[in-house]
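Each chain gets a letter, A, B and so on, in the order its sequence line appears, and its residues count up from 1.
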Amino acid sequence: MKYVDEFRDGELANGLASTIARAADTGRNYSFMEFCGGHTHAISRYGVTDLLPANIQMIHGPGCPVCVLPIGRIDLAIGLALDQGVILCTYGDTLRVPASDGLSLMKAKARGGDVRMIYSTADVLAIARDNPDRDVVFLAIGFETTTPPTALLIEQAKNEGIGNLSVLCNHVLTPSAITHILESPEVREYGTLPLDGFIGPSHVSTVIGTQPYEHFAREYRKPVVISGFEPLDVMQGILMLVRQVNEGRAEVENEFFRAVTRGGNRKAQTLVAKIFELRRTFEWRGLGEVPYSALQIRSEYAAFDAEQRYGLRYAPVADNKACECGAILRGVKKPTDCKIFGTVCTPETPMGSCMVSSEGACAAHYTYGRFKDVEIVAA
Amino acid sequence: MCLALPARIVEMRKQDIGIVDLGGVRKEVSLALVDDLQVDDYVIVHVGYALSKLDPEEAERTLRIFAEMESMPGNVGVGA
Ligand code: SF4
């Protein structure tokens, strides 16, 4: 596929690998966090780590919206489907996330809930139009990439006077999560994480631009390189980080300038600002409460806000005790540090959210990297 | 969840709707979030929406930098 395959070229990857090896100072270690699940997936799938010198370490961050959606929020959606009889629509990845009482949205469907997988918010609008006598709720999740389509859905529903549609909004913001990783009080509990820089989200940045990360690079003195999701993009991003570290710089650089500008997509930003406002705080699975890290629907659009419409009250639910997702999402533990990784917890039977989507650290490692870490012991 | 793909617009339909070619598969996508698009433009598509335009010249430039890297040790790479 054009603009995909060229960025997966193996020969170029080897060239990049040797350039990185030459650039990396053998006298020191480099730890970089890739924030985005898309990068985690690419790094595992294409074996990028194998091409890097031993003193460069990639740490998986919390950037998968499915992984950071807390159990209590899915419980709300399950309640709507089972107790209120609504048509509950959501993206496919969300269906399998384990919730309370051994349930998930998929299992709620098996129990008779009308749960439907959609590909696009346009599908939700169509379902609401086709079922005027039913209530339709869209369980909206995602970072800044999926937020504009949700905003458009709400605007269109309002313009068309569609009264049977509302949105359970769980849209979260990447810059505040990155900040939180560096300064939250839980850092003490989990231990500190020496980070030398971040690979920044690319598709998120098509919408918000590279600018929101500038303050962050200045304030915390950590370089950020916005990189595309193809393996060569990730490697180029790593090289740019190595160079910044070597030169003592902490700037925001843009590797993905074929689709990302400094200002981002203003049209999408304006629409999002019209429909949503900041939440004072929002619970992230694995990160806990993160101030000003999520969006809620503005009061002018309250009729489309499922939380208001159904008087929903969020109640936090603790994660499964064995699950190490919290530490993994902060980068202080690896999937293999979890006792139930690959035994009780697999992509077919996920116990924690990092095992659900292919962009989760545990699922990526299980699918593409598991055997590398298993020591081979002669019988 | 966040993966998006570059796709070429092959047809414009009314009301911000376009048809894109995704590796040989034709798909209807919404163009409502990006202004000034036309047939043959490449866009980044996510959950049925075009999110931004892809600049073919910048894509070629990035690829050239990757290729040059092999022959020129210590060159400067992609800047900000
Ligand atoms: S292996 Fe499963 S239970 Fe363990 S941390 Fe990963 S997702 Fe959580």
CD/A:E247: more than 12 non-hydrogen atoms of other groups inside 6.0 Å:
yes
Heavy-atom nearest pair, B:L51 first then A:N265, reads O-ND2, 2.9 Å
Could you please spell out the steps behind the side chain to side chain contact (heavy atoms under 4.5 Å, CB included) verdict for A:F256 and B:T62?
CA-CA 8 Å; A:F256 199 54; B:T62 305; over 6 Å; no
Could you tell me which portion of B:L54 (side chain, backbone, both or neither) has an atom closer than 4.5 angstrom to a non-hydrogen atom of chain A?
both
Residue B:V34 versus chain A: region with a heavy atom under 4.5 Å:
both
Shortest non-hydrogen contact from A:R258 toward B:E58:
CA-CB, 3.6 Å
Under the ring-ring contact (aromatic ring centres under 6.0 Å, His included) test, residues paired with B:Y49 that sit two or more places apart
none
When the 4.5 angstrom heavy-atom criterion is applied to B:E60 and chain A, the contacting part is side chain
Residue A:T121 versus chain B: region with a heavy atom under 4.5 Å:
both
Atom OG in A:S120, atom NZ in B:K27: separation rounded to 0.5 Å?
7.5 Å
Option in B:L33, B:D55, B:L5 with maximal non-hydrogen atom pairs under 4.5 Å from chain A:
B:L33
Tell me whether B:D35 is salt-bridged to A:K267, with the criterion being a basic N under 4.0 Å from an acidic carboxylate O.
yes
Do A:V4 and B:P6 have side chains that get closer than 4.5 Å, going by heavy atoms?
yes
Check whether A:D123 gets within reach of chain B through its side chain, its backbone, both or neither, counting any heavy atom under 4.5 Å.
neither
Please report the C-alpha distance between B:V47 and A:Y119 in whole Å, then the side-chain angles of each, then the deciding distance to 0.1 Å, and finally whether the side chain to side chain contact (heavy atoms under 4.5 Å, CB included) criterion is met.
CA-CA 6 Å; B:V47 292; A:Y119 295 97; over 6 Å; no
Identify which part of A:L232 has an atom lying under 4.5 Å from any heavy atom of chain B, answering side chain, backbone, both or neither.
both
